[in-house]
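To start, the structure itself, in structure tokens.
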Amino acid sequence: MRDAKLLNYLHVHLLVFIAGFTAILGELITIDAIALVWFRMLMATVLMYGYIYIKGISIKIPPKDIARLSVAGIIIALHWITFFAAIKVSNISILLSMVSSGAFFASILEPIILKRKIIKYEMVFGSLVIFGVVLITQSELEYIEGILLGILSAFLAALFAVLNGKYVKQFRPSVISIYEFISGVIFITIFILIFGSGFSQEFFILKTSDWWYLFILASVCTAYAFIASVKVMEYISPYTVMLTFNLEPVYGIILAVILFPETEKMSTNFYYGAAIILGAVLLNGIIKNWNALKRKQS
């Protein structure tokens, strides 16, 4: 049992590394953010459906619930679009440091959507996150568009997480995922048809490297990572998993600096601001985990 737990701890860190690698793939893929997310969600839908079919999982749910999951699917599609768009107009370090502020947005959204009390220490950490963002903004004004897109991406990620926190109590994660992915693909398809250039032959002519990176993004970083992150919770508490996933920006920024040293070198104030944001997020997770353990023991 102890060995199984150790292996799953290592598995969680592998999943966090994979999550951090998502931003690296966003830098490597040459197509624009909207097309990138369309391909990602379509491929992930096919892979997820294959998993559901093999496992014999029923996906029949009431139409009202399909509509609710579809809204969440549109939100995650918009999160991914702003996520990759931020990389295209700035860099990975800017994007990941801004996305770290999602914990602050979650602390605001959870009391509203889940109707729970406001937690004071979350507001304190939220203020630290704001200070870190301001520090980065002042020193990296040339990346202001990426900063704004990153903050919007963080807000959408927090909104999606809070909504999914309600749905996961009602449906299997794979059922939630398949409907969200399908609705995301439909939403982006309509957007491309109305506001974009449509699905011309050129839309599907990609570099060989782009096809490979998209496949890795859809399979390893989306379908596999989602299923595996649920599986490890059979051995490790969700709090520990969530706390560990707060290391995603750390892994991502380290990878970015190693792989793209020319574009990822930032000012000293950026690293101060990023450290403040990441520190606040990690402390918030540690306190939540500590409080949860105390409640279990009492």
Side-chain angles (χ1 to χ4, degrees), residues 8 11-61 65-66 68-84 87 153 156-157 160-161 163-164 167-168 171-192 199 203-234 241 245 248 252:
N8 278 278
H11 196 180
V12 170
H13 279 278
L14 173 63
L15 293 172
V16 177
F17 177 84
I18 289 171
F21 195 70
T22 299
I24 303 297
L25 290 171
E27 177 72 26
L28 293 171
I29 296 169
T30 59
I31 59 177
D32 69 77
I34 294 174
L36 189 161
V37 177
W38 186 84
F39 280 111
R40 176 189 191 177
M41 296 194 81
L42 180 62
M43 290 179 177
T45 299
V46 173
L47 292 166
M48 187 64 72
Y49 182 78
Y51 171 81
I52 289 169
Y53 180 80
I54 292 169
K55 290 289 187 178
I57 299 169
S58 173
I59 60 172
K60 290 182 180 179
I61 61 175
D65 293 318
I66 292 176
R68 290 163 58 204
L69 292 176
S70 296
V71 172
I74 293 170
I75 292 170
I76 194 60
L78 290 170
H79 158 65
W80 281 335
I81 288 170
T82 51
F83 180 97
F84 291 112
I87 295 174
S153 182
L156 291 167
F160 174 77
L163 290 175
N164 258 18
Y167 303 151
V168 78
F171 310 109
R172 295 182 68 155
S174 53
V175 174
I176 294 171
S177 188
I178 193 69
Y179 282 113
E180 289 175 344
F181 287 174
I182 290 172
S183 64
V185 172
I186 293 172
F187 168 73
I188 300 173
T189 299
I190 294 171
F191 181 89
I192 291 172
F199 294 94
F203 184 86
F204 296 96
I205 299 176
L206 309 181
K207 294 179 179 179
T208 302
S209 59
D210 281 344
W211 282 115
W212 279 111
Y213 292 143
L214 282 167
F215 179 74
I216 295 170
L217 182 63
S219 58
V220 179
C221 300
T222 307
Y224 163 73
F226 184 86
I227 295 168
S229 63
V230 175
K231 185 70 176 174
V232 294
M233 289 185 193
E234 294 178 8
V241 173
F245 262 86
E248 175 193 344

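As the structure is a prediction and not an experimental result, all values here were calculated from the model. For the single chain, residues carry numbers from 1 onward in sequence order.
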Validation row: Leu78, Ile74 side chains within 4.5 angstrom (heavy atoms): yes
Trp212, CH2: over 12 other non-hydrogen atoms inside 6.0 angstrom: no
Pairwise distance CG(Leu163) to CD(Glu180) - rounded to 0.5 angstrom: 9.0 Å
Pairwise side-chain contact, Val185 with Phe181, heavy-atom cut-off 4.5 Å (strictly under): no
Within 6.0 Å of CZ in Phe17, more than 12 heavy atoms from elsewhere: no
Shortest non-hydrogen contact between Ser183 and Ser70, atoms and distance: OG-O, 3.2 Å
Ile31 side chain reached by Leu214 side chain, heavy atoms, under 4.5 Å: yes
Heavy-atom pair of closest approach, residues Ile24 and Gly252: CD1-O, 4.2 Å
Qualifying residue for side chain to side chain contact (heavy atoms under 4.5 Å, CB included) with Phe84, from Leu25, Val37, Ile29: Val37
Which atom of Ile57 lies closest to which atom of Ser174, heavy atoms considered: CD1-OG, 3.5 Å
Residues forming a side chain to side chain contact (heavy atoms under 4.5 Å, CB included) with Ile192, sequence neighbours excluded: Ile34, Trp38, Ile188, Phe199, Phe203
Ring geometry between Phe204 and Phe39 (parallel below 30°, tilted from 30 to 60°, perpendicular above 60°): perpendicular
Closest non-hydrogen atom pair between Glu248 and Gly20, with its separation: CG-N, 3.7 Å
For the student: nearest non-hydrogen atoms of Ser58 and Val175, plus distance: O-CG2, 3.6 Å
Note, Ile81 side chain near Phe191 side chain (heavy atom, < 4.5 Å): no
Heavy atoms of other groups near Arg68 CZ, more than 12 under 6.0 Å: yes
Closest non-hydrogen atom pair, Ile18 against Ala225: CG2-CB, 4.4 Å
Qualifying residues under side chain to side chain contact (heavy atoms under 4.5 Å, CB included), relative to Thr30, sequence neighbours excluded: Lys207, Asp210
Please list, one pair per line, the donor and acceptor atoms closer than 3.5 Å that link side chains of residues 44-52 to other protein atoms, with sequence neighbours excluded.
from	atom 1	to	atom 2	distance (Å)
Thr45	OG1	Met41	O	2.6

Steps toward side-chain contact (heavy atoms from CB on, under 4.5 Å) verdict (Tyr179, Ile61): CA-CA 10 Å; Tyr179 282 113; Ile61 61 175; 3.7 Å; yes
Interatomic distance, Phe187 atom CZ to Ile76 atom CD1 [nearest 0.5 angstrom]: 12.5 Å
Whether Thr222 side chain and Ser219 backbone form a donor-acceptor pair below 3.5 Å: no
Spacing of CG belonging to Leu28 relative to CD1 belonging to Ile216, to within rounding of 0.5 Å: 9.0 Å
Residue pair Leu15 / Tyr224, side-chain heavy-atom distance below 4.5 Å: yes
